[in-house]
Each structure stands twice: as C-alpha cells, then as structure tokens.
Amino acid sequence: MAAPLSEITAILRDTLHTGDLDLSSNTRFDELADWDSMDLINVVVEIECRYGLQIDLPELDRLVTLGDLARMVEAKRALA
C-alpha cells in the first residue's frame with residue numbers, strides 16, 4: 001500500500017477533480033480553491049473505506065493541513 005501522504009494526495013485530487021493540483025504536507029485545506037466542508041467529508045469517507053478506519057467529528061476539527069490528515073491516518077493505522 002502506498003504511503004498515506006501520497007495516497008491522501010491522490011484522493012484529494014480525485015475529490016477536487018484536478019490532477020494538476022500542487023499539494024504538500026503543508027497544504028492548508030482552507031487555502032484550496034472551492035474547498036468546502038463537503039469536500040473534507042468526501043475525502044475522509046474515502047480514507048475510512050480504503051484504510052478501514054473511523055475518524056470522528058471532533059478529530060476533523062483539528063485538521064488544518066494535508067500533513068495533519070496524513071499523520072492522523074498513520075497513527076490510526078499503527079493502532080489497528
């Protein structure tokens with residue numbers, strides 16, 4: 001399985017329907033063009049399905065960057 005950051009980046013690009021989006025671990029969700037809360041929900045649901053994880057709503061409130069999301073996925077996978 002691919003590293004979480006690259007996998008999450010691919011999910012995000014698919015969700016936003018743009019393959020040329022320049023993303024890094026420092027990319028802030030609120031800086032993405034046309035980004036809204038439904039985009040975050042779609043990304044999280046896809047991550048939950050792919051990795052067999054559950055991400056709770058309070059955890060979503062703490063996500064600011066793509067790196068935050070990748071670290072959360074890595075931590076949850078380590079505990080699974």
Side-chain angles (χ1 to χ4, degrees):
M1 184 174 286
L5 184 59
S6 63
E7 190 77 17
I8 291 168
T9 298
I11 292 169
L12 201 94
R13 285 184 177 128
D14 288 345
T15 300
L16 297 177
H17 306 291
T18 178
D20 61 350
L21 190 60
D22 185 29
L23 299 169
S24 74
S25 63
N26 296 321
T27 300
R28 295 177 55 95
F29 294 115
D30 62 0
E31 294 174 346
L32 295 171
D34 300 323
W35 180 261
D36 63 24
S37 59
M38 284 307 300
D39 291 322
L40 180 59
I41 297 297
N42 290 333
V43 167
V44 168
V45 167
E46 181 63 27
I47 288 168
E48 288 177 330
C49 291
R50 283 193 193 194
Y51 292 108
L53 302 174
Q54 182 176 347
I55 299 173
D56 300 319
L57 287 177
E59 292 174 309
L60 291 180
D61 291 337
R62 295 191 300 262
L63 299 177
V64 176
T65 67
L66 188 55
D68 294 338
L69 181 55
R71 283 186 292 279
M72 179 185 292
V73 169
E74 288 173 345
K76 286 182 172 284
R77 287 178 66 198
L79 295 173

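All residue numbers refer to positions in the sequence shown, counting from 1. Because the structure is a prediction, the values reported are computed rather than measured.
- Of all the heavy atoms in Leu5 and Ser25, the pair that sits closest is CD2-CB, 4.0 Å.
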> Hey, mind stepping through Asn42 and Ile11 against side-chain contact (heavy atoms from CB on, under 4.5 Å) and telling me if it holds?
Replying inline: CA-CA 9 Å; Asn42 290 333; Ile11 292 169; over 6 Å; no
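- Residue pairs that meet the side-chain hydrogen bond (donor to acceptor under 3.5 Å, both in side chains) test with at least one member in residues 58-76, sequence neighbours left out, are Glu59-Lys76, Thr65-Asp68, Asp68-Arg71.
- Listed by first then second residue, pairs satisfying ring-ring contact (aromatic ring centres under 6.0 Å, His included) with a partner in residues 52-80 number zero, not counting sequence neighbours.
- If you check the side chains of Asp20 and Thr18, you find a donor sitting under 3.5 Å from an acceptor.
- Remark: Glu48 engages no residue in a side-chain hydrogen bond (donor to acceptor under 3.5 Å, both in side chains) (not counting sequence neighbours).
- Atom CG of Leu23 sits about 11.5 Å away from atom OG of Ser6, to the nearest 0.5 Å.
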>> Could you walk me through whether Thr15 and Leu40 satisfy the side-chain contact (heavy atoms from CB on, under 4.5 Å) test, starting with their C-alpha distance in whole Å, then the side-chain angles of each, then the deciding distance to 0.1 Å, before giving a yes or no?
In response: CA-CA 9 Å; Thr15 300; Leu40 180 59; over 6 Å; no
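- The minimum heavy-atom distance linking Pro4 with Ala70 is given by the pair CB-O, 4.2 Å.
- With sequence neighbours left out, the side-chain hydrogen bond (donor to acceptor under 3.5 Å, both in side chains) criterion links Arg28 to Asp30.
- There is a path of hydrophobic side-chain contacts, each under 4.5 Å, that joins Leu57 to Phe29.
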Show me, pair by pair, the donor-acceptor contacts under 3.5 angstrom made by side chains of residues 31-39, not counting sequence neighbours?
from	atom 1	to	atom 2	distance (Å)
Asp36	OD1	Met38	N	3.0
Asp36	OD1	Asp39	N	3.0
Asp39	OD2	Asp36	N	3.1

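- Side-chain contact check for Asp14 versus Val43: every heavy-atom pair is 4.5 Å or farther apart.
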>> If you apply the rule side-chain contact (heavy atoms from CB on, under 4.5 Å), what do you find for Met72 with Ile55, and how did you get there?
In response: CA-CA 9 Å; Met72 179 185 292; Ile55 299 173; 3.7 Å; yes
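- With hydrophobic clusters built from ILVMFWY side chains whose heavy atoms lie under 4.5 angstrom apart, Ile8 does not share a cluster with Val64.
- Here the CG-OG1 distance, from Asp22 to Thr27, works out to 7.0 Å after rounding to the nearest 0.5 Å.
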